[in-house]
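The block underneath contains the structure these notes are about, expressed in structure tokens.
It should be emphasised that the depicted structure is a prediction, and the values quoted were computed from it without experimental measurement. Position 1 is the first residue of the sequence, and the numbers go up from there.
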Amino acid sequence: MTSSASGSPTPLLPYGRQDIDQTDIDAVTAVLRGDWLTQGPAVEAFERALCDRTGAAHAVACANGTAALHLATLALGLGPSDAVVVPAVTFLATANAARYVGAEVAFADVDPDTGLMGPEQAAAAMERAAHAGWRVRALAPVHFAGQTADMAGLGALADRHGLAVIEDACHAIGSLDMAPDGRALPVGGGAFGTLTAFSFHPVKTIAAGEGGAVTTNDADLAARLRRFRNHGMDRDPVEFEDREAAFAANGAANPWYYEMAEPGFNYRLTDLQSALALSQLARLDAFVERRRRLMDLYAERLALLAPLVRPAARVPWCRPAWHLCAARIDFAAAGRTRAQVMTDLRAQGIGTQVHYIPVHRQPYWRKRYGGLTLPGADAHYARTLSLPLFPAMADADVDRVATTLSAALGLSAAT
């Protein structure tokens, strides 16, 4: 906390924060009083609820969003001879998941105002991959800040080239794609993608403490996701290869028996986390409505700081469940560095963050692929600053952020 002029403490407004109420606490307490802390009924209940919410046929809960992305690459059988197209503006995990299975990453540029990869940028990355001799097998669009990438366009591109689509929807639980025919399609329903990865980290729209999930409409992929989530173990008698060891003389499967056809991981979600996530999922509509209201207020207040500050650019094909308020700020024109502005805001009790350093700039990727010029990603990075956004914020908090930001940029007080 910081102190106000009167000496009273000013509560910190972080850029994001979970919203936990008594129903969430009761849900977790019920699991603690029950028989299963992990690998129990709460996991399946959450998976069923996530299917109901997204419209997907299958949901596989897992340890976190990174695990979800890794499981998706494993389920698709991606490997060293393959490449995945990944936008440069994303968290490290999207690209890392491809490398976990030995695949190359073809970094794509993004729109400088939205941070989203579109079909043109993806096609350009595919062309660069072809010149490098890589076989692109998947696109991994990222729904940055809660806004979806142009999934109709990217889906059409994937169809033309026979590619899988891994939607990184770690920011976008509750977002809706608006189809050309006017239908509102929940993210995760598989209208345009093969697999969709979610995150339930505390700063995301719903929280599980840590947690993730993958949704798909493909039963075979769902089975592979579940197998890789649990050490590669398979208890389905239909899949058993060693028939003599697997079955008793009467033809029944031995009750203790399992097989491992290939190595997997311990990426399970616990019942404690699943109970919290299930309770939070029931509150998703309220969370989304509140985030949209706060973003509308930000749009009004930040418009008063133009042209130095502009609110997040909005795309027409999506009704986002906003995860981030990524404002666009011309720090150079203001004569203030981003670090100075962030420090001044922090001194006044306002937390901010930068989403993201373009992944292709990271030392690992520079050493692997050399320098790569992606002007849209670089321009987005130069101007972005994530301002506080979480459901418990009051309307007045938006005014406080805008007024303090105005002062930090050397502008007259926002009105």
- prompt: Salt bridge between Asp296 and Arg314, side-chain N to carboxylate O under 4.0 Å?
  reply: yes
- request: Begin from the C-alpha positions of Val31 and Trp36 and carry the test side-chain contact (heavy atoms from CB on, under 4.5 Å) through to its verdict.
  value: CA-CA 7 Å; Val31 171; Trp36 298 87; 5.9 Å; no
query: Does CD belonging to Gln22 count more than 12 external heavy atoms closer than 6.0 Å?
result: yes
task: Taking the side chain as every heavy atom from C-beta outward, state whether Asn64 and His201 have any atom pair closer than 4.5 Å.
output: no
Cationic N near anionic O, under 4.0 Å, Arg383 to Asp113: yes
- prompt: Do Leu345 and Val341 come close enough that some side-chain heavy atom pair is under 4.5 Å?
  reply: yes
query: Is it true that Trp134 and Tyr369 have ring centroids separated by less than 6.0 Å?
result: yes
- prompt: Are Phe144 and His380 near enough that their ring centres are under 6.0 Å apart?
  reply: yes
Ion pair Arg53/Asp285, N-O distance below 4.0 Å: yes
- request: Verify whether the ring centers belonging to Phe265 and Tyr100 lie closer than 6.0 Å.
  value: no
task: Please indicate whether Gln340 has more than 12 foreign heavy atoms, meaning atoms of other residues, nucleotides or ligands, lying under 6.0 Å from its CD.
output: yes
- request: For Thr216 and Asp218, run side chain to side chain donor-acceptor pair (under 3.5 Å): C-alpha distance rounded to whole Å, both residues' side-chain angles, the deciding distance at 0.1 Å, then the answer.
  value: CA-CA 5 Å; Thr216 183; Asp218 187 310; 5.7 Å; no
message: Working note: Arg235 + Glu259, criterion side-chain contact (heavy atoms from CB on, under 4.5 Å); need CA distance, chi angles, decisive distance, verdict.
response: CA-CA 7 Å; Arg235 295 183 181 274; Glu259 288 186 348; over 6 Å; no
More than 12 heavy atoms of other groups within 6.0 Å of Tyr258 OH: no
message: Run Leu50 and Ile173 through side-chain contact (heavy atoms from CB on, under 4.5 Å) and show every step you take.
response: CA-CA 10 Å; Leu50 192 57; Ile173 183 73; 3.9 Å; yes
- request: Run the salt-bridge test on Arg229 and Glu47 with the 4.0 Å N-O cut-off and return the result as yes or no.
  value: yes
query: With sequence neighbours left out, which residue pairs that include part of residues 273-282 fulfil the side-chain hydrogen bond (donor to acceptor under 3.5 Å, both in side chains) condition?
result: Asp24-Ser279, Asp24-Gln280, Thr270-Gln273
field: Pair Arg290 + Asp19: basic N to acidic O under 4.0 Å
entry: no
